Amino acid sequence: KKILEYIKPRLIQYTFGIIGMDIAGTATIILLAYSLKLMIDMQLTHVPLTIQSPILQVFVFLIIAFIFIPITYFLYQSSSRKAILYIKTKILQKIPRLPLVIIDRYSKGDLNTRFMADLKSIEKIYSETLQTLSGTLFLGLGCLITMLVLEWRVSTILVISSILFSFIS
């Protein structure tokens, strides 16, 4: 079976957890960039420094993030652990039904080590790889959107040159 088939019963919970963590991380970076831009603009335009607005925005966001991030992290971790537990029970159910040729050829410790190594690989995919991949995707899109909002002319030149350089190399 495909590796991601085991997560299907918990796909909504898993997806909500991953996307929630990614959005929270990306929003933190975007809000920080926006707040810093706001402070720099206040200095450049010689507007009286009212630093309360950016700090208040960051403070409100941090309160929301401290509530939202643990919930999404719990959903993500619990769904991936339940999937691994399901895979472990399936493997343990199949071990007694293995052909005698395999049991004679390999010791029980050898079989156990092979199964556990495979489970560690699957667990790494569920708990690290997919989250890192989606996090990088969200961060890239978030930074692109932020760049376009803050200074669209320079951002457009950077995006076009990045695409050209990626095709050249």
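Positions are given from 1, in the same order as the sequence printed here. It should be emphasised that the depicted structure is a prediction, and the values quoted were computed from it without experimental measurement.
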Is it true that Y86 and L119 fall in one hydrophobic cluster, defined by side-chain heavy atoms closer than 4.5 Å?
yes

Smallest heavy-atom separation, F68 atom then A24 atom, equals CD2-CB, 4.4 Å

Minimal heavy-atom distance between A65 and P70, with the atoms involved, is O-CD, 3.8 Å

Rounded to the nearest 0.5 Å, the CD1 atom of I19 sits from the OG1 atom of T26 at a distance of 11.5 Å

Separation between OG (S134) and CD (Q131), nearest 0.5 Å, reads 5.5 Å

Decide yes or no for I160 and T156: does some side-chain heavy atom of the first lie under 4.5 Å from some side-chain heavy atom of the second?
-> yes

message = Do L148 and I157 sit in one hydrophobic cluster, given that two such residues count as connected whenever their side-chain heavy atoms are within less than 4.5 Å of each other, even indirectly?
response = no

Separation between CZ (F16) and CD1 (I23), nearest 0.5 Å, reads 8.5 Å

Minimal heavy-atom distance between S155 and M147, with the atoms involved, is OG-O, 2.5 Å

### Query
Got a sec: does the OH of Y73 have more than 12 other heavy atoms crowding it under 6.0 Å?
no

Separation between CD1 (I69) and CG (L62), nearest 0.5 Å, reads 8.5 Å

The reported gap from NZ in K124 to CD1 in I84 (rounded to nearest 0.5 angstrom) is 13.0 Å

Exercise. Consider only side-chain heavy atoms of I, L, V, M, F, W and Y, link residues closer than 4.5 Å, and tell whether L133 and L137 are in one cluster.
Key: no

Kindly assign one of parallel, tilted or perpendicular to the pair Y76 and Y14, based on the angle between their ring planes and the thresholds 30° and 60°. tilted

Just by distance, do the side chain of S166 and the backbone of I163 share a donor-acceptor pair under 3.5 Å? yes

task = Check whether more than 12 heavy atoms from other residues, nucleotides or ligands sit under 6.0 Å from atom CD1 of I12, and answer yes or no.
result = no

Value for CD1 (I18) from OG (S80), rounded to nearest 0.5 Å, stands at 8.5 Å

Counting only N and O atoms by type, is there a donor-acceptor contact under 3.5 Å from the side chain of S78 to the main-chain atoms of L75?
yes

